[in-house]
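Working notes, beginning with the structure itself.
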Amino acid sequence: MELNTASAAVSFSQQLEDDSIKFYETAMQRYPEGNDILSSFISDNRKNKALIHRSYYGVISDALEGCFAFEDIDTDDFSIDTILADDVSFAEALNTAIAMEEKIMNYYSVAAEASRSLMADVPRAFEKIAKKRHERIHTLRSLLARS
Amino acid sequence: MTILEEPIKEPVFLRNYVGGEWVESDGAIHEIINPATQKVIAKAPSATVDEVRTAVLGAKQAFPDWRSTPPLARARYLFALRELMEERFEELSRIQTMEHGKTIDESRGETRRGIENVEVATGIPSLMMGYNLEDIASGIDEYVIRQPLGVFGIIAPFNFPFMVPLWFAPYAVATGNCIIIKPSPRDPISQVKIAELVEEAGFPPGVWNVVHGGEEVASVLLEHSDIVGIAFVGSTRIGRDVIYRKCGETGKRAIVQGAAKNFLVVMPDAVVDSTVAALMTSFYGNTGQRCLSGANLVVVGEDRFYHEFLDRVVEATSRIRIGYGLDESVQVGPMQSVDGKERVLRYIEHGMTEGARLRLDGRKPDIIGDYPDTCFLNPTIFEDVTPDMVIGAEEIFGPVMSVMRAKDLDGAIDIIHNNSYGNAASIFTQNGKWAREFQYRVETGNIGINVGIVAPMAFFPFSGMKDSFFGVVHGQGLEAIRFFTESKVVIERWF
């Protein structure tokens, strides 16, 4: 589905955050060794949701290009795999998480870039989350190296 | 494709809110129709003359207590109202989409701007302060105090059913006045919802009233000797020839905002991508039904720039998704009414008859989803429009772009000045000298520099000139405080 409006972009972002929360909740049940880090990811996801909500609802104005700010973004390019098969190892789960986070990071980067000159605080929030996702990928890679 | 849930499931029966009570009207009932689905979502009355007079009387009786309520206490009612609006933000926004047709992004933007006005008005203890000077003569001091005046009428248009009354109402009550709001009979639900929150916030009875109806209700407010002023937003014909004139005859204060024909000037050095996106919002946002909408696009420059730029505009326009505003992928909703759509269709016919070139024909709507096409239109683009054509001169109030060309900035400004309206104009350029020249010379109340919709924030006045505005001070911010108060001068000496 092509994303075009701010409302659709915000909803898609919230969905990404929710889906990755579910992924980490499942991972936490399976791999207690990663609990501290995974639970911090879940907490961050919730903060991200709040940040996006606050940014959008705080500045949305019909004078801004809210209905035209996110053209040429296809959600299919950023669909994430959140299913953890029963028999995967912790290392394999971390690899899945890294792939998921890369897609999410890319989405936020593309969405921020697309809307930078048209919206106000929303692209800034997306940029901030993309940066946090980049750091998260490093954390996951370090964890993978140690596992 | 996500379609958001409708907050109104069954038709609601609207009542007048008078003296702190929800009152059934004896007047005729009409249906409020969701322009996208064509379903009846509400039934609203037209208040009788006696009902309007009762509302004015109740407001007049509430005035002495309200005006003597300390400004800080009055502000606290507004803080409570603001909190309730935030809590119901999404419901209020979706109702606007249901009764008006605008997209959910646009409705949320409208809700936000409405709340901003409440927020600004909460600063009333500071905003309403007067000023003084000691020793204007030896031992004599002079000072100014701002006092409320009584009962004001607010006559609202259909295009921003939630926000426009809030350009005035929070300032009116914050300064100690009482108000009678007459929402547009086409989409009055939002004002009922606000009144419900006013009641919940605990405003004293009679301070904030809502009466439904059309011209007859407006006439009673205009004629009534206890109404001290009117804030009106609507057509120039009604605003200038009826409201402003009548207010003059009856000695009422008036803020009258009328129609518009806004010009967007694109210079050859404009940043094309961002400019095109801004034009989409400006010309087609709110389905072109706003007094700040772009109407005439004036492209300055040589043939090559013109053709390349316009191709981009046409391409972007042809990709716009039309449909129900609660569908998050929809970028432009339906016209608010069948009448509005027919009016636009007549202008399109007019443009073709006058010899303008129909570059993009929006008359046969391509709708996302299964909705009746009753109120839908796709955007239309005319080229070769001249300022003297009807479509180049009159307000169409729909998603129609009339494209003109000018040799240079002077030529573009001349075109703007030949139009009788003066609401807004924008320039798209990277050249500061051109931009400065534009804002200095152009005779419109609101100027955009690389901004397509020049919607003033709540703490700035919503300006306007020529046939777009009649009055002295404007709605919103400090000018609204001036409108709703009298400056009383006191000169003081003690023997």
Side-chain angles (χ1 to χ4, degrees), chain A residues 1-19 49-80 107 110-127, chain B residues 1-2 4 86 89-90 93 96-97 102-113 115-116 159-160 163 271 273-282 284-287 290 292-293 316-317 319-321 325-333 424 446 448 450-458:
Chain A
M1 187 188 88
E2 192 188 335
L3 279 187
N4 44 19
T5 67
S7 180
V10 165
S11 289
F12 183 65
S13 309
Q14 305 279 26
Q15 185 196 319
L16 285 178
E17 297 296 335
D18 283 338
D19 288 349
K49 282 185 70 177
L51 174 64
I52 293 165
H53 186 275
R54 193 170 56 244
S55 302
Y56 170 68
Y57 280 91
V59 302
I60 182 66
S61 154
D62 83 314
L64 296 172
E65 287 77 11
C67 292
F68 300 92
F70 292 92
E71 295 204 315
D72 298 327
I73 298 175
D74 192 335
T75 55
D76 292 344
D77 295 340
F78 305 101
S79 61
I80 55 175
Y107 162 71
V110 167
E113 189 58 37
S115 59
R116 194 185 311 281
S117 64
L118 300 173
M119 294 291 291
D121 295 19
V122 174
R124 199 169 61 175
F126 283 178
E127 218 162 24
Chain B
M1 183 172 74
T2 307
L4 304 170
E86 286 288 354
F89 192 105
E90 190 61 15
S93 301
Q96 289 159 54
T97 294
K102 60 185 67 189
T103 68
I104 189 62
D105 273 318
E106 290 166 341
S107 293
R108 289 172 184 153
E110 183 174 347
T111 307
R112 176 54 60 209
R113 184 57 48 84
I115 292 174
E116 281 169 12
N159 58 338
F160 286 91
M163 174 186 73
V271 179
D273 283 351
S274 301
T275 300
V276 170
L279 297 189
M280 298 301 103
T281 297
S282 181
Y284 312 127
N286 217 39
T287 326
R290 61 179 159 201
L292 291 173
S293 283
T317 303
R319 286 197 292 135
I320 288 175
R321 291 167 63 89
L326 288 181
D327 177 341
E328 288 188 301
S329 73
V330 161
Q331 294 166 298
V332 173
N446 305 288
N450 296 314
V451 170
I453 293 289
V454 199
M457 297 290 286

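Just so we're on the same page: letters track the sequence lines, and every chain starts at 1. Side-chain atoms are counted along with the backbone in the values below, which use heavy atoms only and exclude waters and symmetry mates.
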Take Glu106(B) and Ile60(A) through the test side-chain contact (heavy atoms from CB on, under 4.5 Å) and record every step on the way to the result. CA-CA 8 Å; Glu106(B) 290 166 341; Ile60(A) 182 66; over 6 Å; no
Need one label for [X]: side chain, backbone, both or neither, based on atoms under 4.5 Å from any heavy atom in chain A.
X: Ile320(B); answer: side chain
X: Ser274(B); answer: both
X: Glu86(B); answer: neither

Minimum heavy-atom distance between [X] and [Y], given as atom pair plus value:
X: Arg113(B); Y: Ser61(A); result: NH2-OG, 3.6 Å
X: Ile104(B); Y: Ser7(A); result: CG2-OG, 3.5 Å
X: Thr5(A); Y: Val330(B); result: CG2-O, 3.5 Å
X: Ser329(B); Y: Asn4(A); result: O-ND2, 3.0 Å
X: Glu328(B); Y: Ser11(A); result: OE2-OG, 2.6 Å
X: Cys67(A); Y: Gln331(B); result: O-NE2, 2.9 Å

Do other residues, nucleotides or ligands put more than 12 heavy atoms under 6.0 Å from the CZ atom of Arg124(A)? no
To the nearest 0.5 Å, what is the distance between CG on Asp105(B) and CD on Glu65(A)? 11.5 Å
How long is the straight-line distance from CZ of Phe68(A) back to CZ of Arg321(B), given to the nearest 0.5 Å? 12.0 Å
Under 3.5 Å side-chain donor-acceptor pair for Tyr57(A) and Arg112(B): no
